[in-house]
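Report on the following structure.
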Amino acid sequence: MNSATTLTLPVEGMTCASCVGRVERALAKVPGVAQASVNLATESAAVTLDQRVATETLTGAIERAGYAVPHESTDLRIEGMTCASCVARVERALQAVPGVLSASVNLATEQAHVERIKGAAGAAALMAAVAKAGYAAHVVAADQPAPAATPSRDGWKVVAAALLSLPLVLPMLGDLAGRHWMLSPLVQWMLATPVQFWLGARFYRAGWKALAAGSGNMDLLVALGTSAAYGLSLWLWWSDASGMPHLYFESAAVVITLVLLGKWLEARAKRQTTDAIRALQSLRPETARVRREGVDLEVPVAELAVGDLVVVRPGERFPADGRVEEGRSHADESLLTGESLPVAKQPGERITGGALNAEGLLLVRTQAVGAESTLARIVRLVESAQAAKAPIQRLVDQVSAVFVPVVVGIALLTLLAWGLLTGDWATGVLNAVAVLVIACPCALGLATPAAIMVGTGAAARRGILIKDAQALEVAHAVRVVAFDKTGTLTEGRPRLAAAEPAPDAGLDRDGLVALAAALQSGSEHPLAAAVLAEAKAPLQSASDLRALPGRGIAGTVAGRELQLGSTRLMDELGIAREALAARGEALQAEGRTLSWLAAREADGRWQLLGLLAFGDTLKPAAAEAIATLKRLGLRTLMISGDNAGSANAVGRALGIDDVRAEVLPGDKAAVVASLREGAGKVAMVGDGINDAPALAAADVGLAMAGEQGGTDAAMQAAGITLMRGDPALVAQAIEISRRTTAKIRQNLFWAFFYNVVGIPLAAFGLLNPVVAGAAMAMSSVSVLSNALLLKRWAPEKK
């Protein structure tokens, strides 16, 4: 940055002049900042820079001062990228735009995700930066579907190149059979020239753009290598008086043909990596039948509004999320949740848009439409995961940044070494050509994103939504899996198993239940629902209700101050429980969850009124899920707020290694943090709402959706969302993570192997340019093909 530049940053959280001074002082300390002026009225900071300063450095200074710089993101579709070097160049170009915080480019999806300061680095500036780097960019709207899987239009070029190159190769084959079918130099030139400069023009165009931008890519290597072979052939033809010199037109033509073939196969394979996204997008119907004033109208799905009454006939897909108002049927939700069996639907049941209605006509009241629907959020999650970079990709990026210059340098050294040491400049040129052609940064760029795209797609088809690539990569290293109990290992629908009044309370069973129900009449807690289901109407009114987090509830009923809650709450109040202690211990031993009801007497002392015992049913697949995790070599743990007796009973029934009972919701995160310190990578499985702190504290959080489907909280709190309440999905998520990570490592090995082995062989003259071209063309195809094997993954059957 040769001259001073001013950058305007929005600042949130300032309230007075002292805030202005604090922000200005924080910015002034950043090296490269010449002046910082903060305006409280406009809530912005004008920063004058006398040298290049990363925007992220400036925002970090403001945030450390206690204020916020609002961010927003933009997604771009990039055209013209061919290899990992292209990815690095586009990222550098985007990151150089003032106001850009970070830019991540994915070669497999051909998209860039740009995080920028709100109001800065507009789409026009971003697209201009990409264009300056030699590529084309278009903004991708948030609700824009992935491009259709249109066949590649370059197939005819491959056929044309092959037809022109085949006569050039026949003399080589004839030599093996003792025949001499050598074509005249003129015929060779006439066959090779269209391949070189017409069918191979794309390599010159892309290579020149890279060179003009001060960088290099795969196309530049191909253009340099084939041009050298073509030029050498021309020179030998014109300088040889015999009229039949040994030429190398076939090397240039065949290399271009093979690379075109490889790119065509690569494009076909890349389209298959996005099959999961397109399958999900195809679930949304184009139109919906809406009933308005007794008349059924067919309208575009985009015009649906929350509250519309939608008519769904047998065999049709539900156009939006909602609840059944009339009718009974079954819904096929397999592509959304991975559940293979149809799910019964009746009035009051929740419907997920995209599911297939089976045999009955249903009237559904819409609750979420468009971008807010479950299907739209699933698509966004999968797209986000597929576009993200895994941490291991950083190594590839570092290598790619210097790859092409290093290869060109090695080719130049090869030419000089052969020419100066042996005097055979023609052989030196051919070996240099082989070095240029064998190098394949394309395979490096595709190795990681291709595996991630296929892995996340395979997981999505099983009802496992992986939010980001980091969660996918980290999950394979998990050593401990911690579970919440209620709703995760159990059905989460407890019932009232026992109600025992205290001997001196003056209550019968119905009276005890009535008081507890009055306290919980406005609660949505599962235990409250169990009490309300047992209580007889009408309920008494309650006042002064207040929640006691992690302990219970308090309020006033019929003039009596009551508290209903856990054993811990009773101990804190100093309430004697001897009269029901034996009964309580017996119920705990049966795995029941206890709640105690107490009332404050006129003298201020608390009196025990009775106990309530709740029973929950274990999920049918829970025991097998725990056994599967153990077979994978993982340690299991259950963290529960229930009493020790109830929690231990569930732990014994399921075979869980360790049980932590009577843990408050706020303390679960501390338990997870302590596990991470001593046990390695930890995964936490919960409902994604009450367990959000613990999910965030774990190395990998797995949010299990309940019968209400994947909520926003569940999808945002964890790196992985399980779209149905089946504990078996936990082991499947870890298994697909292990498979995907293995594919990434295999792909990177082969991508590096091609170059580490191929480049020295080419430099020492042990690799013909044609063979080098074939290897280079197939390297990216083999990487993609290896990644596509993940599509065949299926959970291990019992």
d(Asn786 CG, Phe749 CZ) to nearest 0.5 Å is 11.5 Å

Sequence neighbours left out, what passes side chain to side chain contact (heavy atoms under 4.5 Å, CB included) with [X]? Give chain and number order.
{"X": "Ala426", "result": "Leu232, Asp424"}
{"X": "Asn431", "result": "Thr414, Trp418, Thr427"}
{"X": "Leu163", "result": "Val159"}
{"X": "Trp198", "result": "Trp156, Pro194"}

Glu115 meets the side chain to side chain donor-acceptor pair (under 3.5 Å) criterion, sequence neighbours left out, with His113

Thr257 meets the side chain to side chain donor-acceptor pair (under 3.5 Å) criterion, sequence neighbours left out, with Ser165

Practice item. Using a strict 4.0 Å threshold on nitrogen-to-oxygen distance, state whether Glu72 and Arg116 make a salt bridge. Key: yes

Do any side-chain atoms of residues 220-228 form donor-acceptor pairs under 3.5 angstrom with protein atoms, and if so which ones, sequence neighbours left out?
residue	atom	partner	partner atom	Å
Thr226	OG1	Gln196	NE2	3.0
Thr226	OG1	Val222	O	2.8
Ser227	OG	Tyr204	OH	2.5
Ser227	OG	Ala223	O	2.6

| query | Which word best sums up how the rings of Trp750 and Tyr754 line up, parallel for under 30°, tilted for 30 to 60°, or perpendicular for over 60°? | reply | tilted

Review point. Is any side-chain heavy atom of Trp793 closer than 4.5 Å to a side-chain heavy atom of Ile736?
Key: yes

With distance as the sole test, does [X] use its side chain to make a donor-acceptor pair with the main-chain N or O of [Y] at under 3.5 Å?
{"X": "Thr741", "Y": "Ser737", "answer": "yes"}
{"X": "Ser73", "Y": "Val114", "answer": "no"}
{"X": "Gln188", "Y": "Leu183", "answer": "yes"}

Sequence neighbours excluded, the answer for salt bridge (Lys or Arg N to Asp or Glu O under 4.0 Å) partners of Glu79 is none

Residues at least two apart in sequence or cross-chain that pass ring-ring contact (aromatic ring centres under 6.0 Å, His included) with Trp425, listed by chain then number, are none

Residues at least two apart in sequence or cross-chain that pass ring-ring contact (aromatic ring centres under 6.0 Å, His included) with Trp235, listed by chain then number, are none

